[in-house]
Amino acid sequence: MAASMRVVRALGDPALAAILSPTRLLLPISVIPARTKKRMFNAPYLQKKLTVEEMTKKAKAAGIVVPQETLERPINISCTAGILDAYVPPEGDARLSTLSKDGLKQRTEQLKQTAASQLAIRKIKNYDEDFSTKTFPGEAQEIFIEAHNCLTQFDRHKLHSLVTERCYPEMVRGNRYRTIRWSFVESLEPPRIVQVRCPEMVTKGNLYGQVTVRMHSKQ
């Protein structure tokens, strides 16, 4: 009873009631900012750019191993980057008379190309015994038809297995979102081999075979 009387008396004190007044507690508090010491700040564009040698020295001092950058470009050696000794069809489809000067010159050039092709065929047969000049033109035409059918359907996995790594990007470039309609109608002339080359590339004994097949067809 005595403790409760003390609380009542304390609350009845006018000074304490003024301190605990809700209106006094809700008065706004003014905040005065204090000025601090300025710190130096260098903008990134004002900082001195370090050279490569200075950056390497700093990295070595910090114990960081900087990997050496080598300007190497990966290459594919399964096929050549271009056509070797491109085949140039003779004027008039080799129908000039051998009695004329142009016809005699054309015949001489044709004999040289034939001799070079025979030597290349011999080299190819040393590595591929199943290669035949009689069956290869028909196989090449079948690959040509199948590759174009895959291009119309955009079967890129099968197209990769039919053409070389150089030919694939040239066939599919710009055709991803296009509709291609193509069909093979008939062959007007049987396909035949017109030129064979088998040069050495990079190192001795590293041979590349190139067989040029002429196809006259309706597509």
Side-chain angles (χ1 to χ4, degrees), residues 75-173 175 180-219:
I75 60 173
N76 193 340
I77 61 173
S78 63
C79 64
T80 58
I83 299 174
L84 306 172
D85 192 7
Y87 171 72
V88 181
E91 291 290 335
D93 203 8
R95 294 174 184 173
L96 295 178
S97 175
T98 55
L99 300 177
S100 63
K101 183 179 179 181
D102 294 336
L104 185 61
K105 184 178 179 181
Q106 186 183 87
R107 182 62 178 170
T108 305
E109 187 66 26
Q110 190 175 2
L111 289 174
K112 290 181 181 180
Q113 297 293 335
T114 304
S117 296
Q118 291 298 327
L119 291 174
I121 291 172
R122 191 178 300 174
K123 288 182 181 180
I124 292 175
K125 285 186 176 181
N126 290 335
Y127 285 86
D128 188 5
E129 297 179 354
D130 298 332
F131 179 78
S132 174
T133 55
K134 295 181 180 179
T135 59
F136 183 79
E139 296 174 359
Q141 188 175 29
E142 291 177 1
I143 294 173
F144 174 81
I145 296 171
E146 190 66 24
H148 281 76
N149 287 330
C150 293
L151 184 63
T152 57
Q153 302 168 4
F154 205 77
D155 189 355
R156 55 191 181 90
H157 297 290
K158 191 172 183 180
L159 187 61
H160 261 299
S161 63
L162 294 172
V163 300
T164 61
E165 285 76 6
R166 169 64 187 272
C167 182
Y168 177 81
E170 293 182 356
M171 290 185 67
V172 302
R173 186 180 292 114
N175 297 331
I180 302 174
R181 301 187 184 277
W182 180 89
S183 63
F184 184 84
V185 181
E186 61 178 346
S187 181
L188 302 178
E189 291 181 10
R192 59 186 178 90
I193 295 176
V194 292
Q195 181 176 283
V196 182
R197 293 292 181 268
C198 189
E200 293 180 344
M201 299 283 290
V202 184
T203 57
K204 188 176 181 180
N206 188 25
L207 299 176
Y208 285 84
Q210 176 182 287
V211 183
T212 306
V213 180
R214 169 179 168 160
M215 291 181 288
H216 188 196
S217 59
K218 185 185 291 185
Q219 304 174 21

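Since the structure is predicted, the reported quantities are computational estimates derived from the model, not experimental observations. Every heavy atom of this structure was used, including side-chain atoms; hydrogens, water molecules and symmetry mates were not. For the single chain, residues carry numbers from 1 onward in sequence order.
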(Q) Show, in sequence, the C-alpha distance, side-chain angles and deciding distance for E165 and S78, and conclude whether the side chain to side chain donor-acceptor pair (under 3.5 Å) test is met. (A) CA-CA 8 Å; E165 285 76 6; S78 63; 3.1 Å; yes
Q: Apply side-chain contact (heavy atoms from CB on, under 4.5 Å) to the pair C198 and Y208, showing each step before the final yes or no.
A: CA-CA 5 Å; C198 189; Y208 285 84; over 6 Å; no
Q: Could you walk me through whether R122 and Q118 pass side-chain contact (heavy atoms from CB on, under 4.5 Å), step by step?
A: CA-CA 6 Å; R122 191 178 300 174; Q118 291 298 327; 5.7 Å; no
(Q) Set out, in order, the CA-CA distance, both residues' side-chain angles and the distance that settles side-chain contact (heavy atoms from CB on, under 4.5 Å) for K112 and T108, then state yes or no. (A) CA-CA 6 Å; K112 290 181 181 180; T108 305; 4.3 Å; yes
Q: Check the pair R214 / Q195 against side chain to side chain donor-acceptor pair (under 3.5 Å), numbers first and verdict last.
A: CA-CA 9 Å; R214 169 179 168 160; Q195 181 176 283; over 6 Å; no
Q: Go through the steps for F184 and E146 under the test side-chain contact (heavy atoms from CB on, under 4.5 Å), then give the verdict.
A: CA-CA 10 Å; F184 184 84; E146 190 66 24; over 6 Å; no
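The two residues P137 and P191 come nearest to each other via the heavy atoms CB-O, 3.4 Å. The shortest non-hydrogen separation linking I121 to T133 is CD1-CG2, 3.6 Å. Contact between S117 and R197 at its shortest, heavy atoms only, is OG-NH1, 3.3 Å. Heavy-atom minimum distance, A147 versus L159: O-CD1, 3.5 Å. In plain terms, the two heavy atoms of K125 and F131 that are nearest each other are CE-O, 3.5 Å. Of all the heavy atoms in T80 and G82, the pair that sits closest is OG1-O, 2.8 Å.
Side-chain atoms of D155 never come within 3.5 Å of backbone atoms of L151 as a donor-acceptor pair (strictly under, hydrogens ignored). For Q210 (side chain) and L84 (main-chain N/O), a donor-acceptor pair under 3.5 Å exists by modelled atom type. A donor-acceptor pair is defined here as one N or O able to donate and one able to accept, closer than 3.5 Å; such a pair exists between the side chain of N206 and the backbone of M201. Looking at D128, its side chain never comes within 3.5 Å of a backbone N or O of I124 through a donor-acceptor pair.
Heavy-atom contacts from other residues, nucleotides or ligands closer than 6.0 Å to CD1 of I83 number 12 or fewer. Around the CD atom of E186, the shell of radius 6.0 Å holds more than 12 heavy atoms that belong to other residues, nucleotides or ligands.
Side-chain contact check for I180 versus N175: some heavy-atom pair is nearer than 4.5 Å. When side chains are defined from C-beta on, C150 counts as touching L162, because their heavy atoms get closer than 4.5 Å.
For the atom pair OH of Y87 and CD1 of I193, the computed distance is 12.5 Å after rounding to the nearest 0.5 Å. We find the CE-OG1 distance between M171 and T164 to be 10.0 Å, quoted to the nearest 0.5 Å. The distance from the CD atom of Q141 to the OG atom of S217 is 6.5 Å, given to the nearest 0.5 Å.
Aromatic pair Y168/H160: ring centres closer than 6.0 Å.
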